[in-house]
Amino acid sequence: MGFNIYDFSGMTHNMHLWFLERMSPTATTIVEWTIIGVSYMLFVALFGLFLVYAERKVCAAFQQRLGPMRVGYWGLLQTIADFIKLLMKELIMPKSADKFLYNLAPFIVMIATFLAMAVLPFAKGLQTLDFDIGIFYVTAVSSVGVIGILIAGWSSNNKYSLIGAMRSGAQILSYELSVSLSLVTIIILAGSMQLSVVVESQRDAWFIFKGHIPALIAFVIFLIAGTAETNRGPFDLAEAESELTAGFHTEYSGIKFAFFFLAEYINMFIVAAMATTVFLGGWMPLHFGSFESFNVVMDFIPPLVWFFMKVLGVIFLIMWFKWTFPRLRVDQILTLEWKYLLPINLINILLMSLVVLTKFHL
Amino acid sequence: MSETKEIIITSDKIHTDEYLVNMGPQHPSTHGVLRLLVRLEGEMVHNIQPHVGYIHSGIEKMCEAISYPQVIHLTDRMDYLSAHMNNEAVALCIENALQVEVPERVKYIRTIMDELSRLASHQLWWCVMGMDLGALTTFFYGLRDREHILDIFEETCGARMTLNYSVPGGVMFDIHPNFQKRVKEFIKEFRKKLPEYDQLLTGNVIFQERTNDIGYLSLEDAIAWGVTGPSGRGSGFSCDVRKHQPYSAYPLVQFEEKLATKGDTFTRYRLRMEEMYESLHIIEQLIDNIPEGDYAVKMKGVVKLPEGEFYQRVETARGEFGVYIVSDGKKNPYRVKFRSPGFSNLFALNKMAAGHKIADLVAIMSTLDLVIPDIDR
Amino acid sequence: MNALFQYISTVFKGVGTLLTGMKITGKYVFTPWNNVTQQYPENRDTLKMFDRFRGEVIMTHNENNEHLCTGCGICEINCPNGSIEIISKMELTEEGKKKRAIDQHIYHLGMCTLCNLCIKACPTGAIVMGQNFEHAVWDRSKLTKVLNQPGSKIAQGVKE
Amino acid sequence: MINEELQAYLAGKFSNAEVKPGKQYLEILVQAADLHETAVQLKGVPELSFDYLICLTGVDYPESMQIVYHLESVKHRHMVVLKVNTADRVDPKVDTVSDVWQTAKYHEREVYDLLGVKFNHHTDLRRLFLDDDYGFPLRKDFKDEVRIVER
């Protein structure tokens with residue numbers, strides 16, 4: 001099996017052949033599914049833990065603090081300790097909760113997260129599903145999570161939870177529109193919804209540079225709407241700690257709470273990954289037209305590193321939003337969407353179409 | 001869920017039943033053990049009924065059993081953020097009753113301490129206000145700067161919050177030799193930090209949207225409900241005791257009573273911010289001119305007030321604080337009543353927040369700057 | 001047209017204020033050496049409280065195990081919470097006269113509000129405020145302390 | 001109006017009341033029956049316009065309960081202390097002034113809670129801080145063996 005950090009397609013192909021040589025095609029498929037499933041689960045668990053740690057450290061840095069320092073070197077094991085604590089915690093259920101839905105909700109949220117992860121291209125050839133309609137698929141499944149949140153809020157029989165869930169429903173349904181429209185802007189430019197094609201067509205320049213101002217505007221809108229869709233500050237109305245104590249997950253404890261918590265962070269990763277893939281060239285290295293020597297140096301950095309560097313950059317930006325801005329009110333959140341983001345988005349699409357029609361882009 | 005079950009659809013609008021939510025006694029934005037029984041329709045607040053008394057500690061009853069100098073240390077525990085103003089109110093009341101004239105130095109020290117407490121209190125209010133609106137970083141910036149004031153307190157008074165610094169006839173200790181230097185350093189640094197506060201929160205478009213045009217309190221209502229302090233002055237109620245019945249060194253300094261007429265949440269916020277500048281200005285006038293002299297007059301071992309009733313008003317960070325002492329000539333007070341600003345301010349909340357959303361209720365409540373032990377006593 | 005212009009300027013102004021806020025937080029996140037956190041148990045050796053810090057009431061003893069307390073009980077009267085109890089005894093002085101002296105100066109730290117009134121009232125300066133602030137104990141009874149050390153006696157020349 | 005003028009004016013206005021200068025502020029002692037009318041006049045008459053009720057409290061004297069109102073006029077900046085003695089000490093009753101000054105509503109609830117003074121016509125006279133079966137702690141004859149330690 002040839003291992004190439006610049007192109008994983010050869011490796012995965014060889015692996016497939018290796019399995020086929022030794023077992024029936026059905027068994028091969030099952031084994032491959034298992035490997036993929038386990039690696040996704042591992043990735044979600046580990047990257048989720050890392051993101052929680054990163055959030056706490058970044059937040060501490062914003063607030064001139066040090067953050068967790070006690071468990072492990074510089075608090076590196078803090079989130080693992082937290083996770084163990086959450087695992088061992090008693091699962092409390094309100095007496096009059098709707099038991100089936102109450103238990104179902106965390107899984108729906110988690111499943112939605114996994115579904116969206118399936119199409120993300122981590123590097124060349126390192127992509128589970130490469131649909132023709134990849135972008136469309138992501139926007140479709142990422143809003144499944146809201147069903148989980150609504151169920152959680154309704155079934156826990158708590159007024160705070162219900163208010164939080166309703167807020168979250170209104171918010172995510174609205175912002176879904178902006179996310180899709182800002183992606184449409186780029187689809188016009190790319191001419192395809194297949195994520196691998198979108199990434200490939202940014203080989204010479206990322207779309208954010210290629211598409212001039214319309215792409216930049218679309219990027220900003222995508223960031224705002226994406227933050228809103230992950231229920232993070234300043235759009236964390238569904239949790240709104242100072243108003244609704246904890247919003248939709250008020251009544252959840254232990255591992256069920258951890259599911260919501262983890263899903264929030266992985267959703268943030270998905271938004272950042274989508275922003276990276278669509279606007280920032282995915283795993284493509286940074287290239288500047290004619291600086292050949294610079295481009296060669298950039299090419300030397302593996303795509304996986306590029307991808308995660310960009311993703312973490314975007315995540316840092318999203319964290320920066322959260323730790324700077326006050327929370328919006330529920331009517332203002334809808335005002336922002338319907339009166340500002342949506343019209344700007346529509347005009348932006350028009351602009352982008354003009355750019356593409358006149359072949360003004362690079 | 002039973003309260004929300006019934007939905008009546010009429011021809012012109014969907015009407016849902018009201019439901020009750022208990023905000024508190026353990027709720028992040030009530031800052032202590034205050035319970036608000038909120039009547040909601042969806043997100044809209046229809047009625048708020050405050051339930052207090054969860055930490056009623058009977059300070060007024062305790063005061064009847066202890067001597068006058070001992071009363072002062074209990075006032076620390078009421079409004080712990082303006083502890084020095086509370087101490088001073090009792091000390092002034094006793095001095096008035098005994099016709100004791102305190103040295104000039106004491107007046108200066110007390111006034112500087114008052115304003116430092118006010119600054120510390122407003123800093124904490126600012127950071128908590130940001131936190132209530134969801135901007136958690138403000139909380140740490142405010143506390144970071146407040147730490148310097150608390151250090152100054154600790155160096156001179158020996159405690160950070162429960163100062164117990166004013167005693168009848170003066171102050172407990174003379175100021176620390178470093179006091180003036182440290183206060184001046186603090187002012188210099190804080191003058192740089194205050195504009196940052198404005199950039200981070202005041203100017204922020206989300207913050208403006210969240211606070212502008214909500215929680216109106218008219219002048220008439222402010223007076224009728226006895227809403228004092230910056231909350232009352234935001235409605236145009238000129239209620240600064242420092243101006244109207246000056247005490248300590250306030251007659252000697254130049255300062256403005258900040259007044260505004262709009263009476264909404266942002267106005268109250270802005271007034272508190274301006275008051276911080278004003279406090280810095282007052283301290284700057286006094287800090288270099290503290291006269292030499294005694295830090296306390298010699299009082300008798302057992303302080304006995306003449307028979308009668310005495311009332312002293314001071315301006316704390318939250319509004320007008322009053323001490324009403326009834327003396328029967330013995331060494332213990334016959335009756336002590338503390339008029340706390342938070343108590344009156346809290347009950348105007350229904351007037352201000354009814355008809356707004358839950359998020360607004362939180363914002364309005366944090367501009368009232370409630371301290372629960374101050375309400376419950 | 002005017003409305004459109006206003007709309008655009010609102011958007012730009014709004015984004016401008018948001019960027020100003022991000023500039024402030026950004027300034028601090030990229031200067032981590034200005035952090036204000038103190039790591040408490042680690043910095044125990046360098047942590048010094050202010051001289052006047054009121055941590056607990058202690059009685060000073062000199063090298064001969066002598067203190068200045070006459071057992072007059074003024075601190076007990078001045079304490080608002082009843083956290084001081086004076087148990088005195090009668091001692092024979094060298095001249096053969098009976099004299100009141102301190103047997104046990106009992107101090108209930110759990111009831112003390114650290115208001116400094118006892119120290120202010122003490123006529124001989126026998127008790128002072130200590131700077132220790134780590135008062136946590138496993139058993140409440142450990143908070144009741146006897147301030148005069150066993151076998152200690154009053155220093156020469158201290159009068160009531 | 002300065003204090004002497006105000007005293008003369010008040011004495012003329014409220015013939016049934018006893019107006020005298022106290023240690024700090026002017027004091028008016030009214031009959032319990034006249035209280036509400038006096039309150040309305042104090043707030044309503046333009047020369048007085050005592051519109052700001054600073055403090056409302058009660059004192060338990062051996063013969064009667066006394067309710068004390070500290071009033072200030074925002075317009076004229078003069079202060080007066082209004083006092084009223086209840087007829088009965090054990091079961092005291094006074095008219096409410098919460099319709100004159102709204103803030104009195106809760107101050108009266110506090111006085112009712114701690115001293116047991118009942119305010120007639122009060123719309124919502126419930127205990128504010130304490131349990132319903134707790135006594136009235138600020139009364140001088142209040143005893144609580146468990147919570148209060150006598151020294």
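Proteins get letters first, then strands, A, B, ... in listed order; numbering begins at 1 in each.
- In terms of modelled atom types and a separation under 3.5 Å, the side chain of Thr265(B) and the main chain of Ile214(B) share a donor-acceptor contact.
- Each of Phe248(A), Phe107(A), Tyr265(A) was checked for a ring-ring contact (aromatic ring centres under 6.0 Å, His included) with Phe260(A), and the lone residue meeting it is Phe248(A).
- In this structure, chain A has heavy atoms under 4.5 Å from both the backbone and the side chain of Met23(B).
- Within the 4.5 angstrom heavy-atom criterion, atoms from both the backbone and the side chain of Gln63(A) approach chain B.
- Heavy-atom contacts from other residues, nucleotides or ligands closer than 6.0 Å to NZ of Lys339(A) number 12 or fewer.
- Taking 4.5 Å as the limit, some side-chain heavy atom of Tyr269(B) sits within range of a side-chain heavy atom of Met129(B).
- Most heavy-atom pairs under 4.5 Å with chain A, from the set Val205(B), Val21(B), Leu200(B): that is Val21(B).
- When heavy atoms are compared at a cutoff of 4.5 Å, Leu40(B) approaches chain A solely by way of its side chain, counted from C-beta outward.
- In this structure, chain A has heavy atoms under 4.5 Å from both the backbone and the side chain of Phe207(B).
- Within the 4.5 Å cutoff, no side-chain heavy atoms of Leu201(B) are placed close to those of Glu196(B).
- Between chain B and the residues Thr324(A), Asp236(A), Asp331(A), the most heavy-atom pairs under 4.5 angstrom are made by Asp331(A).
- The parts of Arg210(B) that come within reach of chain A are both its backbone and its side chain, each placing non-hydrogen atoms under 4.5 angstrom from that chain.
- If you take CZ on Arg270(B) and CE on Met273(B), they are separated by 11.5 Å, rounding to the nearest 0.5 Å.
- Using modelled atom types, one side-chain atom of Arg268(B) and one backbone atom of Gly215(B) make a donor-acceptor pair closer than 3.5 Å.
- Using a 4.5 Å cut-off between heavy atoms, Asn204(B) contacts chain A through its side chain alone, with no backbone atom that close.
- Heavy-atom distances place both the backbone and the side chain of Glu209(B) under 4.5 Å from chain A.
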